[in-house]
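Each remark here refers to the structure printed beneath this line.
A, B, ... follow the sequence lines: proteins, then strands. Residue 1 opens every chain.
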Amino acid sequence: MVLKSESAHATDPDDDTRRSLLRHMLVVRGLDEEAHRLQKQGSIDLWASCQGQEAAQVGSALAVGPDPAVFPSYREHAVALLRGVAPDELMAQWAGRTFCGWDPHRVRFFPYTLVLAAQTLHAVGYSIGQRLQGREDFVVVYIGDGATSEGDMSEAMNLAAVESASVLFVCQNNGWAISKPAEEQMRTSLAERARGFGIASARLPGDDPEAVFSACARAAAHIRGERAPYLVEIQVGRIQGHTTSDAQEAYRTPDDLARTRAADPVTAYAARLSDRGLVDSAWLDGVDAEVREMRELLVKEYA
Amino acid sequence: MVLKSESAHATDPDDDTRRSLLRHMLVVRGLDEEAHRLQKQGSIDLWASCQGQEAAQVGSALAVGPDPAVFPSYREHAVALLRGVAPDELMAQWAGRTFCGWDPHRVRFFPYTLVLAAQTLHAVGYSIGQRLQGREDFVVVYIGDGATSEGDMSEAMNLAAVESASVLFVCQNNGWAISKPAEEQMRTSLAERARGFGIASARLPGDDPEAVFSACARAAAHIRGERAPYLVEIQVGRIQGHTTSDAQEAYRTPDDLARTRAADPVTAYAARLSDRGLVDSAWLDGVDAEVREMRELLVKEYA
Amino acid sequence: MSTVRSTGLAESINATLADLLDSDPRLLLLGEDIGRLGGVFRVTRDLQRRFGADRVRDSLLAESTIIGQAVGMAISGLVPVCEIQFDGFSYPAVNQLVTQAARIGGRWNGRVSPSLVVRIPTGGGFRGVEHHNESNEALFARYPGISVACPSTGEDADQILRHAVTLGSPVVMYEPIRLYWRRSAPARDPEPARSPSAARIVRRGTDLTVATFGAITHEVLEAAHALAPDVDVEVVDLRWVAPIDMNTVLESVARTGRLLVVHEASKDLGIGAEIAASVAEHGFDALRGPVRRLAPDRRTYPPANFEKDYLIGVQEIKDEVLVMTK
Amino acid sequence: MSTVRSTGLAESINATLADLLDSDPRLLLLGEDIGRLGGVFRVTRDLQRRFGADRVRDSLLAESTIIGQAVGMAISGLVPVCEIQFDGFSYPAVNQLVTQAARIGGRWNGRVSPSLVVRIPTGGGFRGVEHHNESNEALFARYPGISVACPSTGEDADQILRHAVTLGSPVVMYEPIRLYWRRSAPARDPEPARSPSAARIVRRGTDLTVATFGAITHEVLEAAHALAPDVDVEVVDLRWVAPIDMNTVLESVARTGRLLVVHEASKDLGIGAEIAASVAEHGFDALRGPVRRLAPDRRTYPPANFEKDYLIGVQEIKDEVLVMTK
Ligand SMILES: Cc1ncc(C[n+]2csc(CCOP(=O)(O)OP(=O)(O)O)c2C)c(N)n1
Ligand SMILES: Cc1ncc(C[n+]2csc(CCOP(=O)(O)OP(=O)(O)O)c2C)c(N)n1
Ligand SMILES: [Mg+2]
Ligand SMILES: [Mg+2]
C-alpha cells in the first residue's frame with residue numbers, strides 16, 4: 001500500500017482509502033489478539049491493547065500521510081504498523097528485548113514514551129527545530145485522556161500555540177486512565193481546553209474511520225495552511241484492560257464493558273464495507289491470510 | 001479599619017469602602033517607595049515592587065473580605081498590609097532575616113512562594129482540605145502572567161475545576177515576566193484559558209480599584225454560590241523593574257515606561273476621590289502622616 | 001538456610017493504612033488508581049469501599065498535583081498519605097516535594113508541622129518495562145527536611161508508617177515491588193530496633209558488617225545464612241536512609257572491622273556512598289581493610305531480558321564477602 | 001598569598017557561546033530572559049542582537065518546557081544550549097532531564113546522539129533570597145546518561161562547553177553565581193588537564209589532597225596558599241562531578257596519603273560522599289588517616305543573615321587541614 005499525502009484527498013476518503021482503512025484495522029486487530037495470546041502464555045511480559053481505538057489510529061495516520069514525524073504514546077500500534085514498523089519489531093519491547101524495536105528515523109514513527117505526556121513537548125520542540133532548519137515541520141503527537149492532566153501537556157499546548165508550531169495533537173479519549181474515568185479527570189473536553197490555549201480543535205466520535213480520516217485531513221490542511229497547531233479529540237472505547245496487567249472488571253460494570261465491545265469499530269467497519277460492496281469475501285480472506293502469516297511469524301519469533 | 005465580608009457589598013463599593021481602597025493604596029505605595037530607598041542604600045537586599053498593581057491588589061483583597069486564606073505569589077504587599085501584616089514584618093524576608101516575617105495563621109495571608117506557580121496547587125489542596133473538615137473553604141491565590149506557563153498552574157486549574165473547589169485565582173497580568181512580554185507568553189488570555197478548563201472567568205483592566213472590587217465581589221459571590229472556582233485576570237502596569245535587581249530600561253522602550261507611569265492607579269484614584277469630594281486634604285494629610293510614621297518605623301528597624 | 005513464612009508487604013501495608021484511617025480522622029489517602037482499583041499493586045484494596053471516596057481519593061493523573069495539593073491539605077490540618085504509582089514517575093513531583101513539602105515547616109517558622117507521607121513502589125526484578133524498575137531512594141535522601149524510609153518487611157513498614165504520620169515533616173517510603181506478594185523470607189534475629197527511626201541488626205555476626213536496606217536485604221540475609229558458619233556476617237537493615245542511623249553502623253563496624261554496603265540502586269552517589277564515606281571518616285580506625293560497595297554500575301536499568309546482569313544476586317554478595325574476608 | 005587578575009566567568013562564557021554560535025549553525029540558546037535582557041546575570045548579553053531571536057530564544061516561563069522542547073530540537077539535529085535561571089528552579093525540569101534527555105539516546109538504540117547542554121547558575125554567598133542559593137550538582141550526577149560539570153574558572157568553562165556540545169548526550173554545567181563578576185582569583189599551577197573531561201591539579205603539594213570543585217575552589221586555594229610552607233596542600237579541581245575523574249584523585253592520594261573533600265552543597269549524599277567512598281574502597285592502603293568531608297550539615301540554606309554560618313570559609317578549610325595533618 002502506498003500512503004497518500006492528505007492533499008490528495010482533502011475531504012472524504014476514496015474507495016481505495018476505505019479499503020486501506022479497513023485492512024490496517026484488521027491487521028492490527030490480529031496483532032493485538034496475538035499479543036494477548038503470547039502474553040497469556042508468558043511469551044511476552046506485557047501488552048497495552050489498542051482494541052477499540054483502531055479507527056482513530058488508522059484514520060488519523062492515513063489522513064496525515066507519510067511525511068509528518070509521529071510522536072506516539074505507547075498504544076498506537078495501528079499507526080506503527082501503518083508506518084512500516086514490522087510486527088516483530090513492534091513486539092520486541094514488550095518482550096523485554098529493547099526499549100524500541102524499530103528504526104525511528106526510517107519510519108518517522110518515534111519510540112513509545114512511557115512517561116506520560118513527556119512526548120508532547122518533544123513533538124513541539126521537534127517541529128520548531130525542523131522549521132528552523134527549513135525542513136518538514138508537520139508533526140503528529142498522540143496522547144491519552146488521562147495523560148492530559150500532566151503539566152507537560154498544558155505546557156506543550158501553550159508552547160505550540162505561542163510558537164504557532166505545525167503540530168497535530170491527537171488525543172485518544174478512551175474514557176479511562178487505568179481506573180479513573182475521563183469525566184473525573186477533566187471538567188470540560190480536551191478540545192475546549194485546547195481552544196483556551198489558542199489551539200483550534202475538533203471533537204469527534206472514533207468509531208468511524210472515515211469520519212476520523214476526514215476530520216484529520218481537515219486538521220492537517222489547517223496546520224499546513226495556517227502553520228499553526230490543531231487538536232483532535234477522538235472518543236473511543238477501550239475494549240481490553242489498560243494493559244494485560246489490568247483486570248478492568250474490578251472497576252467497570254458488565255454493562256459498560258458489553259456496550260464497549262458491542263461498539264467494536266473493526267467489526268462495524270468490516271460489515272459496513274461489505275454491505276456497501278466495497279470488499280468481498282475474497283478480499284477479506286486475503287487480509288485474513290495476511291494476518292495469519294503475521295501471527296505465525298510472531299509465534300515463531302516470540303513463543 | 002474593619003474588613004467587611006463581600007456579602008455586605010455585593011456590587012459597588014460604598015463611600016467608606018472607596019476611602020478604604022484609596023487609603024490602602026496610598027499606604028502600600030509609601031511602603032514600596034521606602035523599600036526602594038532602603039534597598040538602594042543597602043539596608044535590604046532586594047525588593048519586588050507592587051507599584052502599578054495596587055488597585056488590583058487592594059480591590060481584590062477588600063472584595064473577598066477577611067475570611068478566605070490568601071496564597072500570595074511574592075508581590076502582593078498591598079494584600080499583606082490590608083490583611084494586617086505589619087510593615088516591618090513584611091520587610092523582614094527582603095532583609096535576609098527570615099523566609100516569612102509574619103504569622104500566616106493570624107492574618108490568613110500565607111508565606112510568599114518564590115518558586116513560581118507552586119502555591120496554586122497548595123491553594124486548591126488547602127481549599128479541599130478545609131471543605132473536607134467542614135471549615136471555610138474559600139481561598140484566594142495570586143499568580144503573575146509569566147508564572148501561568150508553569151505546568152503547576154494548569155494542573156491547579158484542572159484540579160480546581162474537577163473538584164469544584166472554592167478557589168479564586170487572581171492573575172495580575174502586569175505584561176511582563178521579567179523581560180518577556182505577556183503577549184509572547186500566551187496566545188490567548190488567562191481568562192480564556194481558565195474557561196477551557198471549565199473555570200468561570202473575567203478579564204478586566206486593573207487601573208480602577210472600584211472596578212476590581214466589583215468584579216471580585218461578583219467572583220466571590222459566584223464561588224460561594226456555586227461552590228466552584230473563578231479566575232479574574234487583571235491587567236495592570238508594572239511601574240518598576242521586575243525587582244530592584246532588574247534594570248527594565250534594557251528591554252522596555254522609554255515610551256512604554258512613560259505610558260505605564262502616566263497610568264499610575266494610585267495618583268489617578270487619589271485625584272478621582274478628591275474630585276468627587278470623597279476625600280479632602282485633611283484626610284489625605286492624615287494618610288500622609290500614617291505613611292510617614294510607617295516609613296520612620298521601617299527606617300528605624302532596617303536602615 | 002532457614003526461611004520463614006511472612007505476610008506479603010502489600011497486605012501488611014494495607015492493614016496498617018486501614019488501621020490509621022480508622023484511628024485518625026485527619027488521615028487520608030491520595031494517589032492514582034488507589035480507590036476504585038485499590039492501586040495497581042492492590043496495596044489500598046478495599047479501602048475506598050471501607051472509608052469512602054473523600055478519604056481514599058483517586059487523584060488526577062499528575063504527580064505534581066498529588067504532592068502540591070497534599071501540601072495544601074497538610075497546611076489545613078489533614079495528614080495526606082500519597083502514593084506515586086511507580087518510582088520512575090516520581091520526577092514530576094520533585095519540585096513540590098523538595099522546594100515546598102520539605103521546606104514549608106521552616107518557611108512558616110515552625111507554625112505548621114505538616115505530616116505528609118509519600119509511598120513509592122520501587123525497584124526491579126519482575127521484568128518490568130522501561131521506567132518501572134527504578135530505585136530512587138537517594139534522590140530525596142539528599143534533601144534536608146525530607147526523611148526517607150526503605151522497609152524490607154511488613155512489620156517494619158508498619159512501624160515506619162505509624163511513625164511517619166506523626167513526624168510533622170514529609171516522609172517518603174519506598175516499598176519494594178517484588179516484596180509486595182512474596183510470602184517467605186530468610187529468618188531474622190528477633191532483636192527489636194532501638195526506636196522507630198533506628199536501623200535494625202537483623203543478623204548478628206562477627207566477621208563483617210553488611211549495611212543494606214529494602215528488598216535486597218533478603219538476598220543479603222540469604223547469602224549470610226549460606227556463608228555461615230565459615231564466615232559470620234552481621235547484617236544491618238538500615239530501614240531509614242535519611243537520616244541514616246550511622247551509630248548502629250559504626251558500632252557494628254567497630255565490632256567486625258569490615259564494611260560492605262549492598263543496594264539495588266546504582267552505585268554512584270547512592271546511599272552506599274554516604275555510608276562508606278561516613279565510616280571512612282568516623283570508623284576509620286576500626287577498619288581492617290577497604291570498605292566496599294556492591295551495587296550496579298552507573299548505567300540505565302536495562303530491558304527485562306538483561307536485568308539479571310544488572311541486579312545484584314545472592315552469589316555476588318557471597319563472592320564479595322569472601323573476597324573481603326579471605 | 002598570590003592573587004591574579006582574571007576575566008569574570010560571565011564574560012568568558014559569553015565569549016565562548018558567541019564563538020560556538022558563530023561556528024556551528026546547529027547551535028542555539030534557549031532560556032528565560034536570555035535574549036532581550038541577556039539573562040538575569042547578563043551571561044548571554046548581546047547574543048540575541050548578534051545572532052537573532054531564532055537562535056537566542058527567550059523561552060516560555062516553564063523549565064519543563066525548556067528541556068522538553070530541547071529534547072525535540074536535539075532529535076531534529078540541533079544542539080540546544082539551555083539556561084535554567086537559578087539552580088533552585090531546576091526541579092520542574094528534572095523529569096524531562098532524567099527520564100527523557102538522559103535516556104533518549106539509549107531508547108533510540110544509538111540512532112540519535114542528542115547533544116544538549118543545560119547551564120545552571122548555582123551556589124550562594126551573595127545574600128540571595130530563598131531558593132536562589134542552591135547547590136544541586138549531586139542531583140543530576142546520580143543519573144547515568146547525564147554528565148555534570150562544575151567549572152571554577154572561565155578557561156575551564158570554555159573547555160567544558162566546547163566539549164559538551166559535541167558529546168552526543170546531555171551535559172549539565174553549574175556556573176557559580178558569585179564568580180560571574182569576580183575579577184581576581186588565587187594563583188593556580190599552570191599544569192594542563194589530561195583531557196577536557198579530566199580533573200586538574202591546580203596546586204601541587206605533598207602533605208594532603210583536597211578534592212574540590214566550583215566556586216569554593218578559590219577558598220581552598222586561598223587556604224592552601226596561606227598554609228604553605230608549613231603544610232603543603234595539593235588541590236584537585238575536579239571540574240566534572242559526573243563522571244568523576246577518580247584516577248587523578250586516587251593518584252594524588254597515593255602521593256599525599258590524606259584526603260579532604262570540600263564542597264558548598266550540603267554534605268549528605270553530596271559529591272564528597274562519592275569521592276570519600278571511592279577512596280575508602282580503592283585508595284584505602286594509601287590512607288594515613290581518616291578521609292574527611294568539609295561541607296554544610298544537612299539543613300536548608302538559611303536566610304541571608306545566616307549564610308555566613310552555613311557556608312564553608314577559608315578559615316574552616318585551614319582548620320580542617322591542620323587537624324588532619326597535625
Ligand atoms: C508520569 C506518569 N505517571 C503515571 C504513569 C502510570 N500510568 C501509565 S498509563 C496510565 C494511564 C494513562 O491513561 P491515558 O492517558 O488515558 O492513556 P490510555 O492508557 O488510556 O491510552 C498511568 C497512570 C506513567 N506512565 N507516567
Ligand atoms: C519555577 C521558577 N522559575 C523561574 C523563576 C525566576 N523568576 C522569578 S519571578 C520571574 C518572572 C515572573 O513573572 P510573572 O509571573 O509575570 O510575575 P511578576 O513578577 O510579573 O509579578 C521569574 C522568571 C522562579 N522564581 N521560579
Ligand atoms: Mg485513556
Ligand atoms: Mg508579570
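Inspection of non-hydrogen atoms places B:Glu192, B:Arg193, B:Arg195, B:Gly196, B:Phe197, B:Gly198 of residues 190-205 of chain B under 4.5 Å from chain A. Contact residues of residues 116-133 of chain A toward chain B are absent (heavy-atom distance under 4.5 Å). The stretch residues 232-255 of chain A places none of its residues near chain B, where near means some heavy atom under 4.5 Å from a heavy atom of that chain. Residues from residues 154-180 of chain B that place a non-hydrogen atom less than 4.5 Å from a non-hydrogen atom of chain A comprise B:Ser154, B:Glu155, B:Asn158, B:Ala161, B:Val162, B:Ser164, given in numerical order.
The contact between A:Glu150 and chain B is made by backbone and side chain atoms together, counting heavy-atom distances below 4.5 Å.
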